[in-house]
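Below is one structure; the comments refer to it alone.
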Amino acid sequence: MKALVVANWKMNPPTFREAKKLLETTRKAADATEHVTLVVAPPAIFLRELRARHKGKKIAFALQNASAEESGAYTGEISLAQGADAGATYAIVGHAERRAMGESSDDTQKKVAAALAANMTPILCVGEATRTASAEYFGVVKEQLRIGLADISSSQLGSVIISYEPVWAIGGEKTMSPRDMHEMAIFIRKTVVELHGEKGMGVKIIYGGAATESNAANMLRDGDVDGLLVGHVSVDAPRFAALLQAIEDAT
Ligand code: PGA
């Protein structure tokens, strides 16, 4: 099975010139792999041109965020339809950094449904801010899933990706252990089954939070996940190439 790797560039790089270079090295690294499906989520302002240069190649594109509204007076926002028109086929929804800026689970609920209506694959991000021994983080994740997936039907579950990202791991160098991820993957599946029935067993889950060239293969092997969402390592061309190669070598 192919691993889904989502390269979330966040607000990087500063210029289109650098973005082109980064996409080119990323593409070369991706071309050397057979077991990776690569999705690049560049800053939206670079999306159309990057996509135009890579038409027909094996990279798909994602929005890092989008409005759930169709159009209108929403200064600074980008609609899903506009993202789709620019070439995005995936949309990240409810990333921890967006939630930290005020996005609520209710917002994610609307965005997941709107992305599906726009024929895009929503990547719904869930994950707790902190972990304590009392394990209330399971409740946090359950609530994010319950609200985020409330407006979809069970037949749409196959078109949704859940990205589990413990906020405490994002941006660092240390992932959580694949064993803990495995436990969380089981919990996520169980929760989605409770919400949407047996089809939930097949929901695609990826892991995000300090995924690096050193831990990617282990996480895919033992973490019970279908892929990874990669932040800072995805904008460091040599490290990202090493990450893709590590996955390739392990499959
Ligand atoms: P990171 O970001 O790889 O830099 O930790 C991951 C994420 O944004 O989920």
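First listed ligand is number 1; within each ligand, the first listed atom is number 1. Note that the structure is predicted; figures quoted are calculated from it, not measured. Computation of the quantities below employed the complete heavy-atom set of this structure, encompassing side-chain atoms and omitting hydrogens, waters and symmetry-equivalent molecules.
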Item to complete: Please write down residue, atom name and distance for the protein heavy atom closest to atom 4 (O) of ligand 1.
Response: His232 ND1, 2.5 Å
Item to complete: Output the list of atoms in ligand 1 that are nearer than 4.0 Å to some heavy atom of Glu165, sorted by atom number.
Response: 7 (C), 9 (O)
Discussion item. I need the nearest protein heavy-atom contact for atom 3 (O) of ligand 1: residue, atom name and distance, please.
Written reply: Gly231 N, 2.8 Å
Worksheet entry | salt bridge (charged side-chain N to carboxylate O under 4.0 Å, His left out) assessment of Lys2 paired with Asp226 | CA-CA 8 Å; Lys2 284 193 174 192; Asp226 302 292; over 6 Å; no
Discussion item. Within ligand 1, which atoms have a heavy atom of Ala210 less than 4.0 Å away?
Written reply: 1 (P), 3 (O), 5 (O)
Item to complete: Taking atom NZ of Lys204 as the centre, report whether more than 12 heavy atoms of other residues, nucleotides or ligands fall under 6.0 Å from it.
Response: no
Practice prompt. Could you check if a side-chain atom of Pro238 sits within less than 4.5 angstrom of a side-chain atom of Glu213, using non-hydrogen atoms only?
Written response: no
Worksheet item: So does Arg27 pair up with Glu24, basic N to acidic O under 4.0 Å?
Response: yes
Worksheet, complete the sentence: among protein heavy atoms, the one nearest atom 2 (O) of ligand 1 is Lys10 NZ, 3.1 Å
Worksheet item: Once you round to the nearest 0.5 Å, how far does CD1 of Ile205 lie from CD1 of Ile186?
Response: 9.5 Å
Discussion item. So for Leu229, does at least one of its heavy atoms come nearer than 4.0 angstrom to any atom of ligand 1?
Written reply: yes
Worksheet item: Can you tell me how far the NZ atom of Lys110 sits from the OG atom of Ser67, to the nearest 0.5 Å?
Response: 9.5 Å
Worksheet item: For ligand 1, which atoms sit closer than 4.0 Å to a heavy atom of Gly171?
Response: 1 (P), 4 (O), 5 (O)
Worksheet item: Looking at atom 7 (C) of ligand 1, what's its closest protein heavy atom, distance included?
Response: His95 NE2, 3.4 Å
